[in-house]
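Keep in mind that this is a model prediction, so the values were computed, not measured. Letters go in sequence order (proteins before strands), and every chain restarts at 1.
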2 protein chains.
Amino acid sequence: MARAIYDAATEVSGSPDAVPPSRADVAAATGLTRATVSTLVDHLVAARLVTELEPVSSQRAGRPAVPLVPARRTVVGLGLEVNVDYLGVRALDLAGDVVADHVEAGTFHDSDPAAVLARLGLLAADVVTRLEADGLRVAGARLALPGLVDARTGELEVAPNLGWSSVHPVELLGLGDLPVRVANEAKLAALAELAGDVPPSFLYVSGDVGIGAAIVVDRALFLAERGWNGEVGHVVVDPAGPRCSCGASGCLEQYAGKEAILRAAGLATEAPLDDLVAALAVPDGGTPGGRARSAVDRAGQALGSALADFVNLTGVSTVVLGGVYTELEPWLRAEITAGLGARVLAAPFAPVDVRAARAGQHAALTGGAREVLREVVADPAAWV
Amino acid sequence: MARAIYDAATEVSGSPDAVPPSRADVAAATGLTRATVSTLVDHLVAARLVTELEPVSSQRAGRPAVPLVPARRTVVGLGLEVNVDYLGVRALDLAGDVVADHVEAGTFHDSDPAAVLARLGLLAADVVTRLEADGLRVAGARLALPGLVDARTGELEVAPNLGWSSVHPVELLGLGDLPVRVANEAKLAALAELAGDVPPSFLYVSGDVGIGAAIVVDRALFLAERGWNGEVGHVVVDPAGPRCSCGASGCLEQYAGKEAILRAAGLATEAPLDDLVAALAVPDGGTPGGRARSAVDRAGQALGSALADFVNLTGVSTVVLGGVYTELEPWLRAEITAGLGARVLAAPFAPVDVRAARAGQHAALTGGAREVLREVVADPAAWV
DNA sequence: GGCGTTTTGTTGTACGAATGAACTATTACC
DNA sequence: GGTAATAGTTCATTCGTACAACAAAACGCC
């Protein structure tokens with residue numbers, strides 16, 4: 001199984017300081033014999049999925065090992081995304097390097113899916129052309145959309161913030177025979193965290209206009225049935241609370257949605273997040289800081305309650321805060337942790353770990369590209 | 001892979017009217033060649049995991065097929081359980097027949113784990129002895145407990161209704177080298193539903209003193225990390241609601257726990273469920289019926305809200321009602337369905353299916369035994 | 001009633017993946 | 001320079017499965 005080989009070879013390279021594994025290391029890690037690993041690795045090297053570095057003397061007796069690393073600039077995965085205020089394309093190679101990155105600002109609220117996706121398709125086709133001219137092979141693409149995507153068919157049922165519904169995005173991209181699959185934006189953003197030292201299973205919660213989430217189990221997305229999980233934005237926080245756009249009352253979104261926080265902080269709902277952060281940074285007592293802090297405190301309390309439900313129901317005990325929560329994490333952390341500690345039943349035995357996301361801007365592009373490469377790695381036979 | 005063979009052979013036999021598959025059917029279903037299937041099936045027959053029936057003329061041209069069915073009374077799995085008011089042992093064979101069943105009533109509230117488990121171990125050992133004397137092989141056992149069981153270590157962290165904590169149950173059973181694993185009672189009960197025509201993925205919610213739940217995905221338990229999921233009893237229904245034993249307020253258990261329902265219905269908390277059902281059956285208007293119905297209505301509303309969170313977060317769109325909810329389903333259904341329809345975001349695209357459990361009494365015993373057999377089937381090599 | 005057709009199951013050869021043991025390559029250490 | 005240690009390769013063998021041909025057992029039609 002070539003997958004095990006590649007996993008072993010790449011997983012180690014996840015921690016940047018670790019020394020790349022040799023054929024012998026891979027054999028030890030997988031339980032296969034050195035003979036088997038050797039022939040498989042030779043195939044991967046021939047297919048340019050793995051690169052051999054110069055042998056380095058290890059200060060120990062014995063023949064020096066040949067370090068194996070994921071190949072750079074040979075095979076790439078493409079991440080695509082349309083979101084409310086931007087669209088973009090990003091290409092990653094097996095080493096995790098960004099080899100192409102093109103993000104365009106825009107306002108796609110109530111936009112025309114055909115026109116927007118055609119534009120994104122052009123950008124993507126341009127990137128593909130340039131990469132292929134450089135001899136790189138594009139394995140496929142993942143399109144991230146902020147809405148309800150059917151994981152089986154790839155159809156977008158509805159994306160409220162884009163004003164789209166019942167869209168088949170793959171056809172509208174017009175990318176010919178490049179294999180493109182579609183997923184929810186928060187779910188792909190969650191996968192971008194796997195590049196860091198996150199635990200193998202975690203909940204990813206992304207605050208924005210809506211609140212998206214993903215469940216990652218053993219480094220893979222949990223997508224039961226159609227992948228419509230993680231709708232934490234409409235978990236009950238208080239049935240006596242404010243009315244929500246979904247028809248119910250007291251949903252998390254009414255306390256911890258981006259617009260709800262900004263409004264409670266006394267800022268315009270379109271205000272940039274930096275304004276809120278600036279207000280929070282004012283030493284306490286000041287009116288702007290006070291109001292912003294109480295807004296974020298309230299959001300933190302609501303998040304603590306809703307995320308406790310999330311953790312209690314899924315049994316996953318790490319929560320990664322993405323989207324606007326990443327930057328607000330210092331101010332949210334205490335309330336969230338308190339809420340989780342009080343309401344998560346298993347907390348006494350497995351305390352919940354809350355942390356900020358680390359994937360950086362437009363994480364869904366990175367996560368989508370990674371996901372494509374993961375498929376290549378899972379079945380390298382097609383590339384050998 | 002012998003697993004595919006066996007799956008194909010047994011899955012069909014799930015629907016009782018279907019004709020058992022032949023080697024050729026299995027080949028068609030798995031994509032393997034008839035030659036491969038034939039040799040694998042021969043091994044399974046030799047190991048007495050599969051039985052060949054008499055060929056039956058199919059009214060069509062061609063050689064009559066040899067029907068293949070799971071073997072009866074050759075290999076069995078053992079289900080064990082300690083619950084608040086009973087303990088028991090049940091043995092199932094590959095055909096799903098109960099070949100041994102021994103349930104003892106008792107009151108194990110605040111009991112001594114060593115004594116209770118020793119008693120259960122004796123019962124189990126007795127069953128094993130009798131079965132082995134008849135030439136049956138016991139593949140292993142699953143112990144169901146109403147508490148927080150670590151899926152990796154098998155340690156019981158806490159079982160409030162038994163008054164147990166930090167127990168290593170396997171050792172206390174004293175079953176020698178019989179492989180025993182431990183799981184939460186509701187989770188094993190959920191697996192018993194797989195004997196029927198339930199969809200491959202569903203949420204199982206079992207009402208009792210506490211409220212247990214399980215997430216079944218593609219006919220297997222979802223057990224991320226330590227398997228501590230499905231704690232739906234403490235999902236927030238109303239933060240202004242009654243105080244809960246967990247320290248928080250307005251948990252589902254305070255509305256839909258067995259004792260909460262009985263109390264709200266004006267019955268003693270130890271009253272048998274039949275009393276409640278009798279009160280519900282009184283034509284409406286009567287005081288007893290009225291009070292019981294409003295109690296169950298309230299429970300249904302709370303369940304609708306909490307299960308909507310459960311469905312929104314897990315994305316699984318079938319809910320099976322177990323425990324006391326099974327019998328109350330006719331009275332709960334309307335409120336639950338209404339709550340789910342209103343709060344589940346994906347409901348317009350994938351309506352949530354609510355149904356009563358069908359596994360019968362002491363479902364965890366059946367589910368545990370099935371789980372043992374599933375492992376045998378997953379890796380029959382050890383038995384060939 | 002014989003013979004072709006159809007479907008089921010078996011036999012025999014071939015091939016790919018992995019093993020295990022022996023072998024080569026390259027270093028450190030005494 | 002010899003020996004031990006570690007890395008990687010070569011080769012005969014095993015195992016699972018595929019492919020193709022064949023045998024078995026029914027139907028149906030002339």
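Residues that satisfy the side chain to side chain donor-acceptor pair (under 3.5 Å) test with B:Asp93, not counting sequence neighbours, are absent from this structure. Not counting sequence neighbours, the partners of A:Phe222 by the ring pair (Phe, Tyr, Trp, His ring centres under 6.0 Å) test are B:Phe222. Partners of B:Asp197 according to the side chain to side chain contact (heavy atoms under 4.5 Å, CB included) rule, which considers only residues two or more places apart in sequence or in another chain, are B:Arg355, B:Arg358. Applying the side chain to side chain contact (heavy atoms under 4.5 Å, CB included) test to B:Pro179 and every residue at least two apart in sequence or in another chain returns nothing.
No side-chain donor-acceptor contact under 3.5 Å links A:Thr51 and A:Arg72.
Taking for each of B:Ala65 and A:Arg60 the nucleotide of DNA chain C with the nearest heavy atom, the 5'-most of the two is the partner of B:Ala65. Toward the 5′ end of DNA chain D lies the nearest nucleotide of A:Pro67, the other residue of the pair B:His43 and A:Pro67 mapping further downstream.
Contacts of B:Arg34 with the nucleic acid, taken as non-hydrogen atoms under 4.0 Å apart, include base atoms. Residue contacts shown for B:Ser22 are limited to sugar-phosphate atoms, with no base heavy atom under 4.0 Å away.
Between B:Thr36 and D:dA18, a side-chain N or O to OP1/OP2 separation shorter than 4.0 Å is present. Look at A:Ser57 and you'll find a side-chain N or O under 4.0 angstrom from OP1 or OP2 of C:dA28.
Rounded to a whole Å, the CG atom of A:Asp42 is 13 Å from the P atom of C:dA17. Taking atom CG of residue B:Leu40 and atom C1' of nucleotide D:dG16, one finds them 8 Å apart after rounding to whole Å. For the pair A:Leu68 CG and D:dG8 C1', the computed distance is 11 Å after rounding to whole Å. Counting to the nearest Å, the C1' atom of C:dT26 and the CD atom of A:Gln59 are 15 Å from each other. In this structure, CD of A:Glu54 is placed 13 Å from P of C:dT26, rounded to the nearest angstrom. With rounding to whole Å, A:Arg23 atom CZ is found 7 Å from D:dG8 atom C1'. Rounded to an integer number of Å, the gap from A:Leu32 CG to D:dT14 P is 20 Å.
The side chain to side chain contact (heavy atoms under 4.5 Å, CB included) with A:Leu373 is formed by just one residue from the set A:Leu78, A:Leu92, A:Leu49; it is A:Leu92.
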Under 3.5 Å between N/O atoms: give me all the protein pairs with nucleotides 12-14 of chain C, atom names plus distance.
none

Using nucleotides 3-5 of chain C, report all nitrogen or oxygen pairs with the protein that are shorter than 3.5 Å.
none

For a quick test of your reading: what N or O donor-acceptor pairs under 3.5 Å do the side chains of residues 128-139 of chain A make, sequence neighbours left out?
unit_1	atom_1	unit_2	atom_2	d
A:Thr129	OG1	A:Ala125	O	2.7
A:Arg130	NH1	A:Asp126	OD2	3.3
A:Arg137	NH2	A:Ala47	O	2.7

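Contact of A:Arg63 with C:dT27 (side chain to base): no donor-acceptor pair of N or O atoms is detected under 3.5 Å.
Counting only residues at least two apart or on different chains, the salt bridge (Lys or Arg N to Asp or Glu O under 4.0 Å) pairs with a member in residues 26-50 of chain A are A:Arg23-A:Asp42. For residues 57-69 of chain B, the set of pairs meeting the salt bridge (Lys or Arg N to Asp or Glu O under 4.0 Å) definition, not counting sequence neighbours, is empty.
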